[in-house]
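Below is one structure; the comments refer to it alone.
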Amino acid sequence: MKRLGLVRALKGALVFMAVMTAVCYLEIFPDRIMMAGKMYGMEWMVVPGIAAVSLSAVPIVIALVLFWRICTEIGRDNSFCHKNARWLGGIGFCAMVDTGYCAIGTVTIELLAGSSLWVLGMAVCVVGVAIAMASFLLSHLVLKAADMKAENDLTI
């Protein structure tokens with residue numbers, strides 16, 4: 001795949017992920033929280049629950065913006081640069097923040113409602129840690145490649 005085709009595919013996938021995230025946070029999650037509030041007799045927790053879940057979208061949006069910037073740099077044929085390494089580290093940090101927030105939310109739901117959602121919550125946490133580890137690893141590798149590229153540019 002050529003560079004511009006890759007960038008278009010990555011940005012297309014990113015837009016798809018952004019739309020799916022918006023659908024989840026605007027439609028699915030509030031609906032599920034309202035249903036759970038009625039099922040467990042905790043209607044008083046619906047509005048705080050929706051607010052708490054909505055707060056978890058902030059690191060996701062930041063990570064999507066950082067990924068868009070990385071795709072833009074790849075499109076400029078500047079894949080291995082210090083900016084991309086820093087932005088990959090930022091994506092890893094966002095993944096860790098969101099994973100910690102999800103873990104706290106999962107424990108809170110388990111304590112308040114005794115729900116079996118903790119299994120799903122822990123699975124999301126495992127995926128979040130995997131994303132963070134991959135981002136930190138890629139950040140390190142891109143930084144090393146950027147340093148090697150800068151060194152090669154000086155010798156020519």
Report summary line: Between the CZ atom in Arg3 and the CZ atom in Arg8, the distance rounded to the nearest 0.5 Å is 10.5 Å
Query raised in the report: If you draw a 6.0 Å radius around NZ in Lys38, do more than 12 non-hydrogen atoms from other residues or ligands fall strictly inside?
Result: no
Query raised in the report: From Cys24 SG over to Met17 CE, what is the distance, rounded to the nearest 0.5 angstrom?
Result: 11.5 Å
Report task. Determine the minimum heavy-atom distance between Thr106 and Gly121, stating which atoms define it. Result -> OG1-CA, 3.4 Å
Query raised in the report: Roughly how far apart are Met133 CE and Met96 CE, rounded to 0.5 Å?
Result: 9.5 Å
Requested in this report: Could you state whether Val47 and Leu26 fall into the same hydrophobic cluster, counting links through intermediate Ile, Leu, Val, Met, Phe, Trp or Tyr residues with side-chain heavy atoms under 4.5 angstrom apart?
Outcome: no
Requested in this report: Quick one: closest heavy-atom pair of Ala95 and Ile131, and the distance?
Outcome: CB-CG2, 4.0 Å
Query raised in the report: Would you find a donor on one side and an acceptor on the other, under 3.5 Å apart, between the side chain of Ser139 and the backbone of Leu88?
Result: no
Query raised in the report: If you draw a 6.0 Å radius around CD in Glu43, do more than 12 non-hydrogen atoms from other residues or ligands fall strictly inside?
Result: yes
**Report entry** Atom pair CE/CG of Met148 and Leu143 - distance to nearest 0.5 Å
**Finding:** 12.0 Å
Query raised in the report: Under a single-linkage definition using a 4.5 Å side-chain heavy-atom cutoff for Ile, Leu, Val, Met, Phe, Trp and Tyr, are Ile91 and Val126 assigned to the same hydrophobic cluster?
Result: no
Report task. Spell out, yes or no, whether Val58 and Val65 are grouped together once hydrophobic residues are joined by side-chain heavy atoms under 4.5 Å, including indirect joins. Result -> no
Requested in this report: Could you point out which residue of Val7, Val142, Asn84 forms a side chain to side chain contact (heavy atoms under 4.5 Å, CB included) with Ile70?
Outcome: Asn84
Requested in this report: Could you tell me whether the side chains of Asn78 and Glu73 share a donor-acceptor contact shorter than 3.5 Å?
Outcome: yes
Query raised in the report: CE of Met20: more than 12 outside heavy atoms within 6.0 angstrom?
Result: yes
Query raised in the report: When you look at Arg86 and Leu66, which way does the side chain to side chain contact (heavy atoms under 4.5 Å, CB included) test go after all the steps?
Result: CA-CA 9 Å; Arg86 188 175 63 247; Leu66 292 175; over 6 Å; no
Query raised in the report: Which heavy atom in Phe93 sits nearest to a heavy atom in Phe136, and how many Å separate them?
Result: N-CZ, 3.6 Å
Requested in this report: Verify side chain to side chain contact (heavy atoms under 4.5 Å, CB included) between Ile50 and Phe29, making sure each step is shown before the conclusion.
Outcome: CA-CA 7 Å; Ile50 291 173; Phe29 294 160; over 6 Å; no
Report task. Would you name the heavy atoms of Pro48 and Trp44 that are closest together and state the gap between them? Result -> CD-O, 3.5 Å
Query raised in the report: Quick one: do Met35 and Leu120 end up in the same hydrophobic cluster if we chain Ile, Leu, Val, Met, Phe, Trp and Tyr together by side-chain heavy atoms under 4.5 Å apart?
Result: no
**Report entry** N/O donor-acceptor pair under 3.5 Å between Asp98 side chain and Pro59 backbone
**Finding:** no
Report summary line: Closest non-hydrogen atoms of Ile74 and Ser79, given as atom of the first, atom of the second and distance, are CG1-OG, 3.8 Å
Query raised in the report: Which distance, rounded to the nearest 0.5 Å, do you find between the OG1 of Thr21 and the CG of Leu14?
Result: 9.0 Å
Report task. Evaluate the side chain to side chain contact (heavy atoms under 4.5 Å, CB included) criterion for residues Trp68 and Val15: first the C-alpha distance (whole Å), next the side-chain angles of each, then the deciding distance (0.1 Å), finally the verdict. Result -> CA-CA 9 Å; Trp68 184 271; Val15 168; 4.1 Å; yes
Query raised in the report: Is atom CZ of Phe80 surrounded by more than 12 heavy atoms (other residues, nucleotides or ligands) closer than 6.0 Å?
Result: no
Requested in this report: Output, in order, the C-alpha distance, side-chain angles, deciding distance and verdict of side chain to side chain contact (heavy atoms under 4.5 Å, CB included) for Phe67 and Leu10.
Outcome: CA-CA 9 Å; Phe67 189 69; Leu10 287 172; 4.0 Å; yes
Query raised in the report: Given the rule that I, L, V, M, F, W and Y join up when any side-chain heavy atoms are under 4.5 Å apart, are Ile60 and Val129 in one cluster?
Result: no
Requested in this report: Could you tell me whether a side-chain N or O of Tyr25 sits under 3.5 Å from a main-chain N or O of Pro30, the two making a donor and an acceptor?
Outcome: no
Query raised in the report: Can you tell me how far CH2 of Trp87 sits from SG of Cys81, rounded to the nearest 0.5 angstrom?
Result: 6.5 Å
